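Just so it is clear, the model here is predicted, and its values are computed rather than measured. In what follows, every chain begins at residue 1, and chains take the letters A, B, ... in the order their sequences are listed.
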Amino acid sequence: MNAPLWRDASAGPGRAAGAFDGVADRISQWDGSGEAGAGAFALTRRDFLKLSAAAAALATAGCRGPVEEIVPYVSPRTAAPGVPQFFATAMTLGGAGTGVLVESNMGRPTKIEGNPAHPASLGSAGMYEQAAILELWDPDRSKGITLRGQPATRIALETALFERMEKLGPAHGAGLRILMRYSSSPTLAAQVQALLRRFPAARVHTWEPLHRDHSLAGARLAFGRAAEPVYRFGNADVVVAFDRDFVGEGPGHLRHARDFMDRRRRRESAPPNRLYAFECTPTLAGAIADHREPLAPGALSHALVQLAAALQGGSADHPLVAAAAADLLSHRGGCVIVAGESMPPEAHALVHRLNGQLGGVGQAVEYIEPVQGDIDCTRSLQALASDMEAGTVDTLLILGGNPVYDAAGDVPFRELLARVPLSVHHALRPCETSAACTWHVPQTHFLEHWSDTRAFDGTASIVQPVVAPLYDGISPHEMVAMLLAPIGGTPRDWVRAQWLGASIDAAGEERWRAMLREGVVPDSAARTLQLRARDIDFAPPDTAKAWSLVFRPDQSLHDGEFANNAWLQEIPRTHSKLVWDNAAYLSPASARSLGVESGDRIEIESGHARLVAPVWILPGQPDDTITLALGNGRTRAGRVGNGVGFDAYPLRTAASPWSRTGANVRKVTGEHVFATTQNHAEMDGRDPVRRLNVPEAEGLREKPLEDEPPPETLYPEWKYDSYRWAMVVDLTSCIGCNACTIACQAENNIPTVGKEEVRRGREMHWIRVDRYYEGSHGKPRTHFQPVPCMQCENAPCEVVCPVGATVHDSEGINVQIYNRCVGTRFCSNNCPYKVRRFNFLHYTRRDGEPPLDARNPQVTLRMRGIMEKCNYCLQRITRARIETEREGRRIRDGEVVTACQAACPTLAITFGDLSDSRSAVSQAKRSPLDYTLLRELNTRPRTSYHAKVLNPNPDVLPPGSGGG
Amino acid sequence: MSATPLIRGRWGYASITDKIADIVLHRPTHWMWAAGLIVTLMMSVFFFGAMGYLFTVGVGIWGVNIPVAWGFAIGNFVWWIGIGHAGTFISAFLLLLRQKWRNSINRFAEAMTLFAAGIAGLWPILHLGRPWFAYWLVPYPSVMNYWPQWRSPLVWDFFAISTYLIVSLLFWYVGLVPDLATLRDRATTRAKQMVYGFFALGWRGEARHWARYETAYLLLAGLAAPLVISVHSIVSLDFALGNTPGYHSTIFPPYFVAGALYSGFAMVLTLAIPMRHFFGLEDFITKRHLDNAAKIMLATGLIVAYGYIAEVFTAFYSQDEYEIAMTLNRFFGPYAFVYWGVIACNVVIPQVLWFRGVRRNVLALFALSLVIQLGMWSERFMIVVSSLSRDFLPSSWGLFVPTFWDVSMLVASIGFFFFLFLCFIRVLPAITIFEMRELKHEELEGKEP
Amino acid sequence: MSAIYGLMAEFASADKLVEAARRAREAGHEWVEAYSPFPIEGIAEAVGFPGSRVPLATLIGGLAGGAGGFFLQWYAAVIDYPLNIGGRPTNSWPAFVPVTFEMTVLFAALSAVVAMFVANGLPKLRHPVFNAPEFEHSTRNRFFLCLRADAPRFEEKQARHFLERLESMKVFEVPL
Amino acid sequence: MAQVFSPRAVLLLKLAGIAFVVALAVALVTIYKYFQGPGTLAEAPEQPIPFSHKHHVGDDGIDCRYCHDSVEKSSFAGIPSTHTCMSCHSQLFTDAKMLEPVRRSMATGQPLHWTRVHALPDFVYFDHSIHVAKGVGCIECHGHVDRMPLVRRVASLQMEWCLECHRDPEPHRRKASLVFVMQPTSVVRAAGGLPDTNIVSTRRLTDCSTCHR
């Protein structure tokens with residue numbers, strides 16, 4: 001399949017012309033690139049084609065396909081211009097890889113989805129994986145090598161480094177330092193080894209701001225060696241989490257969420273699992289927990305110690321701890337305790353021991369070699385810092401990362417860099433660090449280079465490029481290679497050799513192709529280690545009286561590297577629903593004690609650092625703790641990310657990376673304006689989210705939630721003779737992670753609008769995740785509810801449109817005809833679900849919006865003055881319909897997957913054809929838990945919900961427990 | 001009925017004719033009129049400038065958002081169209097009801113109607129996201145083979161308002177023809193003679209002409225009467241047909257019509273009181289006229305008050321949780337001040353009209369007319385905005401905050417209105433001359449009631 | 001002497017005009033025209049006006065407008081491009097009522113006005129009566145009676161004689 | 001009193017009136033014409049190479065799919081690559097002046113830039129493959145390209161034109177295998193080329209979402 005693929009992937013230069021064809025009304029002739037022209041046509045009104053300067057630069061840069069052959073993901077379609085293709089590759093974050101499929105239109109990557117064959121994804125994709133496409137197209141990416149800010153050539157860089165290496169050679173490379181991030185790339189590891197063989201005196205350091213030092217140290221304490229737990233939540237009836245958001249963040253969280261919810265949904269076979277969450281800042285795990293207890297960091301350790309005691313047959317005075325202990329004991333072998341990074345190493349060690357004692361090991365938890373290796377980032381960075389201090393660092397190569405910004409507050413990295421004669425910063429974008437380095441070298445995006453990576457469970461994937469570097473990027477492997485004695489071949493050869501040796505035999509070739517096609521290296525998962533935890537005594541210090549600070553990665557920006565990503569900036573943080581900001585989260589009580597409201601500013605002083613931050617009152621936050629999100633307040637992130645929020649890193653020290661006690665806090669003058677997407681947090685008795693506990697849910701078998709027939713109507717029923725598309729959202733499974741929102745944004749070319757517009761209430765997300773609180777403000781129960789368009793059969797919006805711009809099609813989809821819309825906004829007024837979005841201004845022309853090439857050519861770009869909304873991914877349905885019609889058959893169940901459905905880690909969204917009574921969605925609709933929103937209005941929604949079923953421990957009645 | 005005559009003092013056919021016609025033909029320009037013209041002209045220029053800005057940047061310059069997708073623009077529209085009701089009501093209804101006192105106020109009231117309705121018609125277009133496609137509301141055989149969506153109240157609006165404008169214009173023009181003839185015959189310069197002559201269409205007051213003329217005029221009145229009612233009823237359907245709590249209410253049509261006349265008559269007074277003063281028309285627009293207008297305001301005001309009460313009653317009587325929540329939200333929600341302002345301006349204060357002394361106190365009436373217009377505008381705001389700000393799903397609740405452009409464009413539109421009116425009184429007879437002669441005639445005949 | 005449009009008598013009051021018109025008809029004069037600054041009760045009968053057909057025109061216009069309005073909507077929504085709008089029937093006739101009503105009123109009003117002007121032979125910017133001296137007062141405070149010269153059996157001397165016997169302020173010829 | 005208007009004035013006014021009416025009529029017609037788009041028999045646009053479909057299709061009888069090779073698989077029919085041209089012209093007319101641009105393109109790797117003849121409005125999504133699959137002959141929309149020295153547009157491509165067929169596709173359809181036959185559909189059908197595919201629902205064909213999204 002060589003030729004066609006190659007052609008297809010390399011439909012580039014034409015494409016650039018294509019994008020401009022739109023303007024010049026000409027089409028280019030290179031295979032398929034004409035379609036790009038047509039794509040540009042279809043994609044936009046003519047006036048959209050006046051690209052922003054940045055995008056124009058891009059378009060002219062064009063995307064040549066990578067020169068080597070790349071192999072598409074097994075695709076049902078034969079390659080043809082205008083038909084999107086999917087390529088399997090993997091994205092590495094925090095050292096762990098997640099398999100993804102990249103949709104490529106005429107050689108232009110436009111969307112990233114999960115790879116079903118990959119253990120960390122199983123087809124789902126998180127926010128970061130999906131938003132990475134925007135990183136690729138970011139106009140603020142480095143466009144070339146710079147030497148002290150001045151453009152330089154690659155030759156110049158290579159010579160500079162070569163001379164350096166010559167000079168360092170005699171000293172065996174003493175003074176040569178490399179600062180990396182967590183990496184699980186065997187190829188890179190091998191390269192580094194080679195480098196160290198050449199320069200034995202050189203040193204490699206690692207700094208990952210969101211490091212896993214505590215858990216690794218804990219493992220060392222428990223097992224005398226580093227190890228990483230791999231959880232199998234599918235085997236756990238009872239899960240007790242100590243400040244561990246296992247469904248929301250960290251390596252494998254997508255998989256964890258899937259396993260946990262699969263287990264929870266299996267009500268029929270086994271009793272559903274139960275989750276106790278003892279945590280500080282409210283997280284997704286806390287939101288889905290059957291019991292959640294907000295505790296300050298110190299108290300968390302004490303709770304764990306109590307639990308240990310209780311499991312030893314002792315007693316726990318905390319009722320919930322006692323209950324949890326009892327539950328654990330009654331589920332030996334089928335239970336697991338998980339601890340978060342914020343817990344001290346001893347706590348981790350203790351947890352390992354308890355898991356062993358409860359028989360969880362081998363069942364719900366296994367141990368493997370850490371995929372990123374046995375590294376203590378804190379020490380590693382401190383070592384580097386002291387050497388820089390001492391002036392013994394001559395050449396420093398910073399491979400990715402942004403230490404100047406994200407090093408612990410007590411490591412003055414910027415100043416230290418000044419003492420390094422030659423520093424090279426290799427990254428995707430110019431940032432705080434590159435400004436302080438001698439050289440800055442543009443890095444290739446992972447969609448642009450060859451590499452490999454390991455998943456949370458050790459499974460390896462080959463990273464294959466789907467597009468040639470948009471700018472003259474250099475891949476990490478090439479970068480390291482520059483320091484090595486010149487070796488032959490290309491990065492592809494190096495990676496290939498890593499996995500197949502030098503052999504080019506047919507069998508090897510076939511294995512190689514399979515790896516690329518499937519996106520995983522067969523049975524490469526790490527083998528499990530047989531470890532027994534030794535006893536360690538853990539006596540946590542007394543809980544502090546003064547304020548304690550808690551540092552958490554920003555839910556959207558990770559450690560700050562995504563700060564220039566408009567999609568992520570505008571994703572509402574799951575609990576606060578804040579966008580384009582971070583805040584000092586306070587509990588209602590603490591806020592009262594400080595006399596502050598949301599929006600007031602407080603000064604936080606801890607150690608030598610002080611910081612003024614705006615307050616946001618967060619129900620469920622423990623008292624006397626302030627949570628600060630890391631990753632904001634970037635100064636050199638780019639046009640999108642500069643000056644958004646405040647930088648909390650200065651308060652963070654190497655010694656206490658996740659929390660500090662004894663901070664001084666006082667109110668200061670000044671107001672801060674927040675932008676939030678949800679102003680009202682309670683359900684006001686309207687129960688949009690129906691909740692029940694397992695026993696009540698069982699009761700529904702006799703009497704379903706909605707058993708009475710739909711309200712009467714004067715009109716005759718409208719007949720739908722073909723497909724009847726419909727959707728069911730399971731609120732039990734929904735963890736509120738926003739993956740659906742990003743997926744929708746990417747699929748449907750949804751623009752971002754910026755903080756000011758969101759503040760005005762003009763966000764554009766087609767599927768929003770509503771968050772409701774229930775119960776006390778101190779310890780509320782949190783509910784999430786994704787709300788796309790309900791596709792009402794009696795759509796109120798359609799009746800009031802004066803120009804018929806929103807109508808029903810024969811398959812029952814409430815379609816919005818952009819080119820007919822005049823923008824009366826009557827439809828939005830009349831939509832009881834308020835799912836319609838309006839282009840009040842020309843948002844698609846905003847600065848920071850992705851260029852045309854990054855857009856989905858199957859979806860129209862909307863100009864200002866036009867209403868838009870969810871349409872069940874009409875373009876996907878249409879594509880499937882055309883293909884099946886060509887084959888003269890009906891669309892099969894599951895053949896159309898909406899973007900949100902594809903992304904959802906917990907399979908909470910079911911979509912399909914109601915006219916087929918055996919389809920998954922038809923079956924879901926028959927569930928006793930099925931209900932529709934605002935049924936009394938008789939809008940007859942096609943989208944319905946499954947009530948949220950919780951499984952609280954009957955012995956404890958937590959505040960605000962669910963009740964239908 | 002009061003015994004005071006409709007024309008005060010000793011006036012004859014000739015003097016009436018001269019008095020009124022000379023305002024147009026001979027009266028030297030008064031500095032206050034000139035000043036007013038300049039100020040309002042500047043406001044008008046700003047109005048159209050702002051429109052240009054609006055069209056280039058988009059409705060985002062206003063405070064509208066989701067959920068409050070309708071803001072000032074629609075409120076202004078409803079308010080203006082309401083004001084545009086009094087004129088035709090006076091001409092049509094009072095004619096049918098043989099209310100002779102209408103004769104001295106119908107001409108300028110109709111002009112007011114035209115200007116107000118015209119400005120009202122602008123707002124829905126300004127309000128559009130893509131105003132340049134406004135013509136898609138017009139049914140015409142297009143290359144798209146596509147038509148307006150007839151179930152939408154906005155399409156009904158389009159038909160109602162354009163019909164109303166056309167019929168009002170006809171009504172007004174037909175009424176003008178004999179007076180244009182008068183001006184033609186009294187014009188001093190050739191140009192004026194030609195212009196007035198052209199529009200007089202060669203009217204010569206022959207008996208048969210008068211006969212057909214009166215029939216046609218009466219028929220127009222008969223047609224305009226239901227039309228007046230229909231227009232604001234249909235406007236009210238923009239809301240009543242919506243399902244938003246606070247919109248979805250059967251009381252709307254009558255209560256909107258009453259509100260329209262309420263604000264309309266207020267505007268009549270706002271215009272009549274200074275006009276009769278500056279142009280010395282006290283003898284034609286007498287205190288008795290003002291008194292009658294005030295009585296109508298009192299009556300319509302009470303109907304409006306009933307509307308408010310009925311809304312609250314039905315909310316609680318229906319036990320509909322959304323209606324109740326909406327009502328409480330109006331009482332105590334973020335926009336409570338608007339609601340109570342409305343109650344004060346439209347219900348409480350106007351009760352002073354029960355006193356004859358107030359009804360005949362020119363200054364008091366003038367002040368009151370302003371209060372009522374403020375009140376009626378606030379009512380539109382209350383209905384449009386506060387209802388939308390909190391509808392069904394608590395998650396989507398939000399507030400509307402007007403921007404500079406919201407406020408300035410409203411003010412500018414008022415300026416434009418007065419600009420048009422100032423021009424009108426110097427170009428056309430503000431009082432129907434021939435009907436005044438007729439009135440005098442009937443008075444001589446002793447037929448005057 | 002040149003041809004004239006007719007003989008005209010000027011009066012000071014409406015009643016005198018009515019009286020004069022009646023007498024003129026009794027005296028067998030045909031094509032009697034009366035000009036007044038405002039509509040006068042009874043004058044139409046006095047000059048022998050059979051009554052206008054403007055109402056009929058209005059009725060027809062109204063009916064046509066209404067029927068057309070409804071048909072337009074029905075054709076567009078049911079025949080030309082039937083669409084599923086919020087699950088409502090294509091022929092949602094109750095929703096068609098407002099437009100139908102407005103169209104009725106609009107066309108009725110238009111036809112009333114048009115009929116009136118057409119029947120009155122207006123616009124007619126030039127007309128012989130404007131040649132009459134002092135006719136400008138017909139739009140102020142004077143009333144005129146005109147016996148048209150082109151009437152059958154019009155005999156100038158006798159007509160002038162007749163007019164002078166009326167209590168008119170003056171009698172004069174209206175030149176063509 | 002004197003007449004206000006001289007006979008001449010009246011005459012002028014009447015003429016002005018007539019002129020106004022005429023002007024209005026003209027304006028309306030022009031606007032209508034404008035929205036009809038450029039005349040459907042528009043002049044063929046200038047092309048970098050005067051490529052003659054008449055010669056290649058009509059005379060040489062080359063199948064449409066030889067150049068437009070994705071027409072059955074994709075929304076886009078496909079514009080032939082320079083290689084495709086050269087596969088013949090490396091032997092034929094190798095030194096023809098006319099073909100200079102092709103050779104240059106081959107040499108430089110810079111694609112040829114043709115001028116788009118059938119440009120749909122930006123918000124319309126047209127898919128060749130399904131039309132071909134359902135037996136809509138090329139000739140239905142593109143006319144007798146086999147008789148066109150230079151390709152020109154023969155259809156307005158207005159929505160009304162699309163609907164005409166979408167509302168009643170039958171007369172415009174033929175046997176799927178005869179799609180590329182350059183004969184009027186009526187002739188083909190008469191010759192036994194009746195459609196062998198079926199349209200699931202014509203209602204679906206007039207859904208807005210069929211072409212707009």
Item to complete: Pick one of side chain, backbone, both or neither for A:E757, based on which atoms fall under 4.5 Å of a heavy atom in chain B.
Response: neither

Fill in: Minimum heavy-atom distance A:D684-B:P394, with the two atoms named
CB-CG, 4.5 Å

Worksheet item: Taking all non-hydrogen atoms of both residues, which atom of A:L841 and which atom of B:G60 are closest, and how far apart?
Response: CD2-CA, 3.6 Å

Item to complete: Considering only heavy atoms and a distance below 4.5 Å, find which of B:V57, B:L241, B:V68 pairs most often with chain A.
Response: B:V57

Worksheet item: Within a reach of under 6.0 Å around NE2 of A:H680, are more than 12 heavy atoms found that belong to other residues, nucleotides or ligands?
Response: yes

Worksheet item: Rounded to the nearest 0.5 Å, what separation is found between the OH atom of B:Y322 and the CG atom of A:L937?
Response: 6.0 Å

Fill in: A:F838 vs B:V64, side chain to side chain contact (heavy atoms under 4.5 Å, CB included): CA-CA, chis, key distance, verdict
CA-CA 10 Å; A:F838 189 70; B:V64 282; over 6 Å; no

Discussion item. Which atoms of A:P796 are under 4.5 Å from chain B, going by heavy atoms: the side chain, the backbone, both sets, or neither?
Written reply: side chain

Practice prompt. Begin with the C-alpha distance, continue with both residues' side-chain angles, and end with the deciding distance and a verdict on side chain to side chain contact (heavy atoms under 4.5 Å, CB included) for B:I66 and A:R762.
Written response: CA-CA 6 Å; B:I66 307 290; A:R762 297 172 177 178; over 6 Å; no

Worksheet item: With a 4.5 angstrom heavy-atom cut-off, which part of B:T403 approaches chain A: side chain, backbone, both or neither?
Response: side chain

Discussion item. Within the 4.5 Å heavy-atom criterion, are A:V799 and B:S152 side-chain neighbours or not?
Written reply: no

Worksheet item: Shortest non-hydrogen contact from A:N830 to B:G242?
Response: OD1-CA, 3.0 Å

Fill in: B:Y247 versus chain A, the contacting section by heavy-atom distance below 4.5 Å
side chain

Worksheet item: Can you find a heavy atom in the side chain of B:S396 that is under 4.5 Å from one in the side chain of A:R768?
Response: yes

Worksheet item: Using a cut-off of under 4.5 Å for heavy-atom pairs, which of A:K834, A:R686, A:R760 has the most such pairs with chain B?
Response: A:R686

Worksheet item: So does A:E597 have more than 12 non-hydrogen atoms from other groups sitting under 6.0 Å from CD?
Response: no

Discussion item. Can you tell me if B:F48 has over 12 outside heavy atoms packed within less than 6.0 Å of its CZ?
Written reply: yes

Discussion item. Taking side chain as everything from C-beta outward and backbone as N, CA, C, O, which of these in A:E763 sits under 4.5 Å from a heavy atom of chain B? Side chain, backbone, both or neither.
Written reply: neither

Discussion item. Tell me which of these, A:G823, A:P802, A:G804, has more heavy-atom pairs under 4.5 Å with chain B than the rest.
Written reply: A:P802

Worksheet entry | Which portion of A:V807 sits near chain B, non-hydrogen atoms under 4.5 angstrom | side chain

Discussion item. Just by distance, no angles: are the side chains of A:R825 and B:H127 close enough, under 3.5 Å, to form a donor-acceptor pair?
Written reply: yes

Discussion item. Can you confirm whether more than 12 heavy atoms, excluding those of A:H672, are under 6.0 Å from its NE2 atom?
Written reply: yes

Worksheet item: Side chains of A:Y772 and B:S395: donor-acceptor distance under 3.5 Å anywhere?
Response: yes

Worksheet item: Of the listed residues (B:P124, B:P153, B:G398), which shares the most heavy-atom pairs with chain A below a 4.5 Å separation?
Response: B:P153

Item to complete: List the steps, then state whether ring pair (Phe, Tyr, Trp, His ring centres under 6.0 Å) holds for B:W70 with A:F826.
Response: CA-CA 8 Å; B:W70 285 2; A:F826 203 165; 4.7 Å; yes

Worksheet entry | Euclidean distance, A:N679 CG relative to B:W397 CH2, rounded to 0.5 Å | 11.0 Å

Item to complete: Hey, could you give me the CG/CG distance between A:D770 and B:L393, rounded to the nearest 0.5 Å?
Response: 7.0 Å

Discussion item. Applying side chain to side chain contact (heavy atoms under 4.5 Å, CB included) to B:F133 and A:R820, what does each step give before you reach the verdict?
Written reply: CA-CA 9 Å; B:F133 287 132; A:R820 179 68 179 179; over 6 Å; no

Worksheet item: Has the side chain of B:Q149 got a donor or acceptor atom that lies under 3.5 Å from a matching backbone atom of A:C801?
Response: yes

Worksheet entry | Candidate pair A:R864 and B:R130, rule side chain to side chain contact (heavy atoms under 4.5 Å, CB included), full reasoning | CA-CA 8 Å; A:R864 77 151 145 110; B:R130 301 200 295 171; 5.9 Å; no

Fill in: Part of A:T824 lying under 4.5 Å from any heavy atom of chain B
both

Practice prompt. Examine whether an atom of B:W147 lies under 4.5 Å from a heavy atom of chain A, and if so say whether it belongs to the side chain, the backbone or both; otherwise answer neither.
Written response: backbone

Discussion item. If I take atom CE from residue B:M144 and atom CD1 from residue A:I817, how far apart are they, to the nearest 0.5 angstrom?
Written reply: 12.5 Å

Discussion item. Let's test your reading of the structure: which of A:V800, A:V822, A:V787 forms the most heavy-atom pairs below 4.5 Å with chain B?
Written reply: A:V822

Worksheet item: Between B:A69 and A:N829, which heavy-atom pair has the shortest distance, and what is it?
Response: CB-OD1, 3.4 Å

